[in-house]
Amino acid sequence: MKRNIVIATVAAAALITGGTATALATTGDDDSAAKKSSVQLKDHDRKDDDGRSDDDGKDDDRDDTAENTAEAKAAKVTAADAIKAALAKTPGTAVSAELDEEDGGLVWGVDILKGNTWHNVEVDPGTGKVLGTWVDKDDDGDDAAARVNSALKGSATTAGDAARTAAAKGTVTSVDLDDDGKAGAWGVETTGAKGAESEWHVDLKTGKITADRTDHADGQDDQNDQDNDGSDD
C-alpha cells in the first residue's frame, strides 16, 4: 500500500466475508511529522520507453524481480522488529505491516488498532526508529475496528508472531489480517533471495504456516497465459 502524510490505506482490515474481500481506506491527521528514511532507493523506473517491444512482459517481470530484491536487501529491520518498535511508540494491536516506498525512501508502515481508533506508524527499515505517527479518521473506522476485533477474538498469534514464523520462508515484506476461507489467518508476503514473491497463511490460533494456494494457482494461470500467447496459431 502506498502511504503519504495525509492519506493512508488500512489494507489489514481486509476480511473475506461471503467470498468478498473488504478493506478500510482512511484519511489521517498529522500526529507527528514524518522524518526522512535512512534507506533511500535508487531509481527503479521501468525501461519501457526505449523503443523496444515488451509484448511478452518479460522485461517488466525482470524489473519487478530486481526491485523486490533490492528493497528486501535494503531493509535491515525485520517486519517483526518494525512491529515491535511501532507498538512501543503506540501501544495497541498491530493489524498490518508493509515495506513500501515513500518519497524515494523505504519505510515500514504499521497499522495499529487501539480501541476503535486506527493509528499509522512509519518505522525506518534501516535504524528501527519511528519516523512518524498518524491517527486515521473515517466514517467506516468503527465498523472496520469491530470486524478486526471480532476476527482476532480468541487468537493466540499476533502479527509479530506471524512475521517471525514466515521469516523462515524469505524476507517478510507484508503482514496483514486475512482469511483463507476456512479459518482466520494472517496473510504474509515474502521475497526470496532471487526476488521471487510468495504468499503464506499463518493460522490465528495455532500459528501454523501454509502456502497460499490461491496465489500459486494465479501464478500458474499467468504462466499458462504467457505460454498460450507465445504458441503458434
Side-chain angles (χ1 to χ4, degrees), residues 1-12 26 28 30-48 59-92 94-112 118-136 158-176 186-200 202:
M1 73 185 73
K2 298 296 182 181
R3 291 176 173 79
N4 56 41
I5 294 179
V6 179
I7 300 176
T9 303
V10 185
T26 60
D30 267 334
D31 191 32
S32 114
K35 300 179 179 65
K36 188 175 182 180
S37 172
S38 67
V39 182
Q40 295 298 303
L41 301 174
K42 295 181 180 180
D43 185 11
H44 290 299
D45 289 342
R46 300 291 184 259
K47 300 177 180 179
D48 294 335
D59 287 344
D60 282 350
D61 290 342
R62 283 193 290 268
D63 286 341
D64 287 341
T65 298
E67 184 174 359
N68 294 338
T69 303
E71 292 184 0
K73 288 182 177 180
K76 305 303 180 184
V77 175
T78 66
D81 287 340
I83 291 171
K84 182 178 179 180
L87 289 172
K89 177 69 174 180
T90 306
V95 185
S96 79
E98 183 165 5
L99 188 64
D100 204 0
E101 182 179 350
E102 180 65 34
D103 295 330
L106 202 62
V107 298
W108 278 110
V110 183
D111 296 321
I112 294 175
W118 291 96
H119 299 262
N120 302 130
V121 183
E122 285 190 354
V123 178
D124 192 314
T127 66
K129 295 181 178 180
V130 172
L131 298 172
T133 65
W134 301 268
V135 174
D136 284 337
T158 66
D161 294 334
R164 283 186 286 272
T165 298
K169 305 296 185 178
T171 299
V172 176
T173 57
S174 174
V175 181
D176 63 33
W186 293 103
V188 185
E189 293 183 359
T190 61
T191 296
K194 296 183 178 180
E197 291 184 313
S198 300
E199 297 186 12
W200 312 87
V202 178

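Remember, it's a predicted structure, so these values are computed and weren't measured experimentally.
A donor-acceptor pair under 3.5 Å links the side-chain atoms of K76 to the main chain of K73, judged by distance alone. Of the possible donor and acceptor atoms, one in the side chain of W108 sits under 3.5 Å from a partner among the backbone N and O of V77. Between the S37 side chain and the L106 main chain, a donor and an acceptor come within less than 3.5 Å of each other. A donor-acceptor pair under 3.5 Å is formed between the side chain of T69 and the backbone N or O of G195.
Between R164 and D161, at least one side-chain nitrogen of the basic residue sits less than 4.0 Å from a carboxylate oxygen of the acidic one, meeting the salt-bridge criterion.
To the nearest 0.5 Å, the span separating CD on E122 from CD on E98 amounts to 11.5 Å. Remark: D124 CG to K129 NZ distance equals 8.5 Å, nearest 0.5 Å. To the nearest 0.5 Å, atoms CH2 (W186) and OG (S96) are separated by 8.5 Å.
Closest non-hydrogen pair, G128 versus A85, comes out as O-CB, 3.5 Å. Across all their heavy atoms, E71 and L99 have their closest contact at O-CD2, 3.8 Å. Taking both residues in full, the closest heavy atoms of I83 and A97 are given as CG1-CB, 3.8 Å, listed atom of the first, atom of the second, then distance. T191 approaches E197 most closely through the heavy-atom pair OG1-CG, 4.1 Å. Closest of all the heavy-atom pairs between V110 and A82 is CG2-O, 4.0 Å. Contact detail for I112 and G92: the closest heavy-atom pair is CG2-CA, 3.8 Å.
Of the options V188, V202, T158, a side-chain contact (heavy atoms from CB on, under 4.5 Å) to V175 is made by V188 and by none of the others. Between H119 and the options T90, D111, D136, T133, a side-chain contact (heavy atoms from CB on, under 4.5 Å) holds for only T90.
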